[in-house]
Amino acid sequence: HNGKAVVTVEAAALDRLGMVVDFTVLKKALGGWIDDTLDHKMLLHRDDPVLPELRRQGEPVVVLDVNPTAENIARLIYREAKRNGLPVVEVTLWETENSFATYRG
């Protein structure tokens with residue numbers, strides 16, 4: 001699947017440059033993590049029966065403790081944003097132009 005993550009950030013006040021967060025900081029912290037962790041990888045639940053075979057073949061797999069739904073992937077991205085100190089309020093993961101899920105903390 002391809003997807004698009006939309007990350008919404010929020011602050012009570014803007015910083016000295018007039019921003020909630022510099023997009024460069026957001027992209028470096030979160031975009032880099034998405035590229036390194038999720039991009040071009042199979043996301044599977046830890047109990048998926050195909051997992052041993054994919055590992056045997058050396059396929060790039062991300063193993064999750066939850067079903068890899070759009071909702072859970074949005075939550076995963078949200079938590080990573082929070083872990084990086086970003087003022088995220090929601091993450092929307094688009095699977096197609098008509099199908100998406102939004103997670104708010």
Quiz item: Which pairs count as ring-ring contact (aromatic ring centres under 6.0 Å, His included) when at least one residue sits in residues 52-76, sequence neighbours excluded?
Solution: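 Not a single pair qualifies under ring-ring contact (aromatic ring centres under 6.0 Å, His included).
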Self-check item: Sequence neighbours excluded - ring-ring contact (aromatic ring centres under 6.0 Å, His included) pairs with any residue from residues 51-101
Solution: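 Of all non-adjacent pairs touching residues 51-101, those that pass ring-ring contact (aromatic ring centres under 6.0 Å, His included) are Tyr78-Tyr103, Trp94-Phe100.
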Considering residues at least two apart in sequence or located in another chain, which fulfil the side chain to side chain donor-acceptor pair (under 3.5 Å) criterion with [X]?
X	result
Glu95	none
Arg16	none
Asn98	none

Which residues pass the side-chain contact (heavy atoms from CB on, under 4.5 Å) test with [X], not counting sequence neighbours?
X	value
Gln57	Glu53, Glu59
Arg55	Leu51, Val63
Arg83	Glu80

Quiz item: For Arg75, which of Leu93, Val66, Val91 qualifies under side chain to side chain contact (heavy atoms under 4.5 Å, CB included)?
Solution: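 Filter result, single survivor: Val66.
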Donor-acceptor pairs under 3.5 Å, side chain of residues 7-15 to any protein atom, not counting sequence neighbours: which ones?
unit_1	atom_1	unit_2	atom_2	d
Asp15	OD1	Leu17	N	2.9
Asp15	OD1	Gly18	N	3.0
Asp15	OD1	Met19	N	2.9

Quiz prompt | Separation between CG of Asp65 and NE2 of His45, rounded to the nearest 0.5 Å | solution =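 Reported value, rounded in 0.5 Å steps: 6.5 Å.
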Quiz item: Listed by chain and number, what are the salt bridge (charged side-chain N to carboxylate O under 4.0 Å, His left out) partners of Asp47, not counting sequence neighbours?
Solution: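 Asp47: no salt bridge (charged side-chain N to carboxylate O under 4.0 Å, His left out) contacts found.
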Give the table of side-chain donor-acceptor pairs shorter than 3.5 Å for residues 34-43, with sequence neighbours excluded, one pair per line with atom names and distance.
unit_1	atom_1	unit_2	atom_2	d
Thr37	OG1	Trp33	O	2.9
Thr37	OG1	Trp33	NE1	3.2
Lys41	NZ	Asp36	O	2.8

Exercise. Keeping the roles fixed (side chain from Asn67, backbone from Thr69), state whether a donor-acceptor pair exists under 3.5 Å.
Key: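 Judged by distance alone, no pair lies under 3.5 Å.
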Quiz item: For the residue pair Pro68 and Leu64, what are the closest heavy atoms and their distance?
Solution: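 Closest pair (atom of Pro68, atom of Leu64, distance): CB-CD1, 3.7 Å.
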Going by atom type alone, with no hydrogens or angles, which donor-acceptor pairs under 3.5 Å involve a side-chain atom of residues 22-31 and a protein atom two or more places apart or on another chain?
unit_1	atom_1	unit_2	atom_2	d
Asp22	OD1	Thr24	N	2.8
Asp22	OD1	Thr24	OG1	3.2

Quiz item: Given the rule that I, L, V, M, F, W and Y join up when any side-chain heavy atoms are under 4.5 Å apart, are Val6 and Ile77 in one cluster?
Solution: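 No, Val6 does not connect to Ile77 through the hydrophobic network.
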